[in-house]
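Here's the structure, in structure tokens; my notes come after.
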Amino acid sequence: MTNKHSERRVVVIGGGIVGASIAWRIAARGQRVTLIDKGEPGSGASSHSFAWINAGAKEPIGYHNLNRRSLEMWPRFATALGEDVGLRWGGKVSWETDPVAAEQLQARVQQLQSWGYPSRQVSAQELAELEPALEIGPVVAAEYSENEGQVEPQMVVDACIRRMSELESLILTGAEVIDFDRDADGGIRAVQTDSGDFEADTVVLAAGTDTTTLAAMSNVYIPQAESPGVVIRTTPLPPLLHNVPVVYAPPLGDGRREIHLRQCADGRFMIGEGDQESLAEDDTQSHADDLLSRAAQYLPGLAEAKAIPVPVGWRPMPLDGYPTLGYTTETPNLYIALTHSGVTLAPVISQLAALEICEDVRADAVLTPYRPERFATLTEEQVAEMAHPRAGHR
Ligand SMILES: Cc1cc2nc3c(=O)[nH]c(=O)nc-3n(C[C@H](O)[C@H](O)[C@H](O)COP(=O)(O)OP(=O)(O)OC[C@H]3O[C@@H](n4cnc5c(N)ncnc54)[C@H](O)[C@@H]3O)c2cc1C
């Protein structure tokens, strides 16, 4: 179906889950889309992601609601993609053995319930019944969020690209964007790559951690926090978790942090420690072995697997931790799409970006807190305050 904007040439920079989702949505609306990635699509942060779809770990309520809206969109988004993307529901369990941590868990559940979120406290017995494969050990408080799930980012990216190819979009891999050709008003005329120039009416910048550098080439300030994370993988195993795909297990009382684990569609497990914003840079084999042995204490079937270390993944992380979405004042046809939790948020972010770009409207009622210009007015002091590694990431 064509519409009044069908001649618009849209160049999307970055083929991670965010860029690929936006590019596909725009192509599906009849625009001429070119998707450019300097490597293989999906190989950036998206390949390191734990890929847990949730809104329970998100504050304040406006940001929680954005994540929740996206979570609820995932089944339709996946259906529209028309192939299996590894979407699996069944919820997330977590439990605590330390009384202070248990109180925090209980308070969090109460807050989520006051927001109408389907999180609830469960007894140790119910926890064991929910996921019989787990060796739970002592429990002071436990929680189950029944609506959460997981997906495989690479399968999502591949599906977006296949659908785009059917729509005759141009997909360029191994082509690095190196500059912008700009007109007198600051707008981008063409995106310059090491494989040639691409004329554009609209440019979507979804280059993950590289967004800051590329935006600066167009006089736009998009600061990020450095946010390294490590999630290891294992060799494949038969299905171990039968009911609940995402597990957060407490520290083993040795001063190390809690661990999280899930089983991927190919049978491999992903295991990380801390929460979704914890900073981690140990990507050695011995650390991977340690994570696996800790996880195996909760899920004995894991003892059959070998740990495969994964290099540090850098989370795209706007300085205040919240999504950055929309056109920029300095470069009117440059649209920024940078976010943490991009796996959870891909359906809603891609829907809103495609709406704004294809219909020439502004979804301000939802996106005002997340506009790129919020960074333009920051003083140096405010930047320094925000720049604490974990400041405001929720
Ligand atoms: C360890 C870890 C755990 C995470 N866990 C979760 C989770 O459980 N749930 C969740 O929702 N989110 C999670 N996230 C966050 C989520 O994975 C990211 O928000 C999401 O993957 C970001 O996708 P993206 O497309 O913006 O970036 P990326 O996947 O990094 O894609 C950006 C792309 O841009 C390309 N690019 C960069 N520069 C250029 C250039 N100059 N020219 C051309 N192409 C360029 C890159 O090659 C890359 O493919 C996690 C992230 C990490 C690292």
Side-chain angles (χ1 to χ4, degrees), residues 11-23 34-58 67 70-71 74 92 148-151 153-154 156-157 160-161 172-180 191-195 198 203-215 217 224 226-233 245-246 248 260-262 270-281 283 310-318 321 323-325 336-350 353 393:
V11 172
V12 178
I13 304 169
I17 195 166
V18 172
S21 302
I22 293 173
T34 302
L35 176 66
I36 303 176
D37 199 289
K38 69 177 180 183
E40 283 303 314
S43 63
S46 302
S47 70
H48 293 264
S49 189
F50 187 59
W52 165 39
I53 300 172
N54 81 94
K58 312 293 165 62
N67 280 270
S70 200
L71 180 158
W74 256 110
K92 181 243 347 180
E148 298 179 355
Q150 66 179 38
V151 73
Q154 190 65 55
V156 177
V157 168
C160 288
I161 285 174
L172 264 121
T173 61
E176 182 167 0
V177 173
I178 46 178
D179 210 344
F180 299 111
V191 173
Q192 301 176 319
T193 78
D194 56 8
S195 307
F198 295 86
V203 176
V204 178
L205 184 50
T209 52
D210 290 337
T211 297
T212 301
T213 309
L214 289 167
M217 289 177 190
Q224 289 191 63
E226 289 207 341
S227 188
V230 171
V231 181
I232 66 140
R233 290 182 192 252
V246 181
Y248 269 74
H260 44 272
L261 54 102
R262 74 170 183 97
M270 297 188 85
I271 308 170
E273 67 179 334
D275 61 30
Q276 283 310 304
E277 280 116 33
S278 290
L279 307 182
E281 290 193 70
D283 54 9
V310 174
V312 176
W314 295 87
R315 301 178 185 94
M317 185 65 83
T324 304
L325 201 68
I336 305 286
L338 173 71
T339 191
H340 178 49
S341 294
V343 173
T344 300
L345 288 170
V348 73
I349 280 188
S350 58
H393 284 177

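Counting from 1, the numbers follow the sequence of the chain as shown. Both ligands and their constituent atoms are indexed starting at 1 by order of listing. What's counted below: heavy atoms across the whole structure, side chains too, no hydrogens, waters or symmetry copies.
For ligand 1 and Glu176, the ligand atoms under 4.0 Å from any heavy atom of the residue are 41 (N), 42 (N). Of all the atoms in ligand 1, the ones that sit under 4.0 Å from a non-hydrogen atom of His340 are 14 (N), 15 (C), 19 (O). For ligand 1, the atoms closer than 4.0 angstrom to any heavy atom of Gly16 are 25 (O), 29 (O), 31 (O), 33 (C). When each atom of ligand 1 is checked for a heavy atom of Val231 under 4.0 Å away, the hits are 1 (C). Ligand-side atoms of ligand 1 in range of Thr339: 19 (O), range being under 4.0 angstrom from any heavy atom. Within ligand 1, counting atoms from 1 as listed, the ones closer than 4.0 Å to a heavy atom of Gly208 are 27 (O), 32 (C).
Among the atoms of Thr344, some N or O lies under 3.5 angstrom from an N or O of ligand 1. Distances between N or O atoms of Gly229 and those of ligand 1 include no value under 3.5 Å. Looking at Asn54 next to ligand 1, no N or O pair under 3.5 Å apart turns up. Where the criterion is an N or O separation shorter than 3.5 Å, residue side chain and backbone included, Ala51 meets it with respect to ligand 1. For the pair Ser46 and ligand 1, the shortest N or O to N or O distance falls below 3.5 Å. Inclusion of Pro41 in the set of residues having an N or O under 3.5 Å from an N or O of ligand 1 is not warranted. The distance criterion of under 3.5 Å between nitrogen or oxygen atoms is met by Gly342 with respect to ligand 1. For the pair Trp314 and ligand 1, the shortest N or O to N or O distance does not fall below 3.5 Å. Ligand 1 has no N or O atom lying under 3.5 Å from any N or O atom of Gly14, backbone or side chain. Checked by distance only, ligand 1 and Gly313 stay at 3.5 Å or farther apart across all their nitrogen or oxygen atoms.
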- Could you check Val177 against Met217 for side-chain contact (heavy atoms from CB on, under 4.5 Å), going step by step and ending with a plain yes or no? CA-CA 11 Å; Val177 173; Met217 289 177 190; 5.9 Å; no

- Message: side-chain contact (heavy atoms from CB on, under 4.5 Å), that's the test. Do Leu345 and Val348 meet it? Break it down for me.
- Response: CA-CA 6 Å; Leu345 288 170; Val348 73; 4.0 Å; yes

- Query: Can you check side-chain contact (heavy atoms from CB on, under 4.5 Å) on Val11 and Ile36, steps first, answer last?
  - Reply: CA-CA 7 Å; Val11 172; Ile36 303 176; 3.7 Å; yes

- Message: Would Val156 and Trp74 count as a side-chain contact (heavy atoms from CB on, under 4.5 Å) here? Give the steps.
- Response: CA-CA 11 Å; Val156 177; Trp74 256 110; 3.8 Å; yes

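Residue-level proximity to ligand 1 for Leu214 is carried by the side chain, the only part with a heavy atom below 4.0 angstrom. At a heavy-atom cutoff of 4.0 Å, ligand 1 is contacted by no atom of Ala337, backbone or side chain. Within the 4.0 Å heavy-atom criterion, both parts of Ile17, backbone and side chain, lie near ligand 1.
Residue contact check for ligand 1: Ser47 places no non-hydrogen atom closer than 4.0 Å to it.
Take Arg262 and apply the salt bridge (charged side-chain N to carboxylate O under 4.0 Å, His left out) test, not counting sequence neighbours, and it matches Glu152.
The protein heavy atom nearest to atom 17 (O) of ligand 1 is Ser49 OG, 2.9 Å. What sits closest to atom 28 (P) of ligand 1 on the protein, heavy atoms only, is Ala45 N, 3.6 Å. Taking atom 5 (N) of ligand 1 as the reference point, the nearest protein heavy-atom neighbour is Gln276 OE1, 2.7 Å. Nearest protein heavy-atom neighbour of atom 42 (N) of ligand 1: Val177 N, 2.9 Å. Looking from atom 52 (C) of ligand 1 to the surrounding protein, the closest heavy atom is Arg315 CG, 3.6 Å. Closest to atom 3 (C) of ligand 1, if we only count protein heavy atoms, is Phe50 N, 3.5 Å. Of the protein's heavy atoms, Asp37 OD2, 2.6 Å lies nearest to atom 49 (O) of ligand 1. When hydrogens are left out, the protein atom nearest atom 38 (N) of ligand 1 is Asp210 OD2, 2.9 Å; that is the closest non-hydrogen contact.
Applying the side-chain hydrogen bond (donor to acceptor under 3.5 Å, both in side chains) rule to pairs touching residues 48-57 yields Trp52-Glu148, sequence neighbours excluded.
Between the His260 side chain and the Gly274 main chain, a donor and an acceptor come within less than 3.5 Å of each other.
For atom 45 (C) of ligand 1, the choice among Lys38, His48, Met217, Glu277 with the nearest heavy atom turns out to be Lys38. Nearest-heavy-atom check against atom 32 (C) of ligand 1 across Ser278, Ala207, Ala280 picks out Ala207.
For the atom pair Ser70 OG and Lys58 NZ, the distance stands at 9.0 Å (nearest 0.5 Å). If you take CZ on Arg315 and CG on Leu279, they are separated by 6.5 Å, rounding to the nearest 0.5 Å. Rounding to the nearest 0.5 angstrom, the gap separating the CG atom in Asp210 from the CD atom in Glu176 is 7.5 Å. If you take CD1 on Ile271 and CG on Leu261, they are separated by 6.0 Å, rounding to the nearest 0.5 Å. In this structure, Asn67 CG and Thr344 OG1 are separated by 5.5 Å, a value rounded to the nearest 0.5 Å. Atom CD of Glu226 and atom OG1 of Thr209 lie 9.5 Å apart (nearest 0.5 Å).
The shortest distance between side-chain heavy atoms of Leu172 and Thr34 falls below 4.5 Å.
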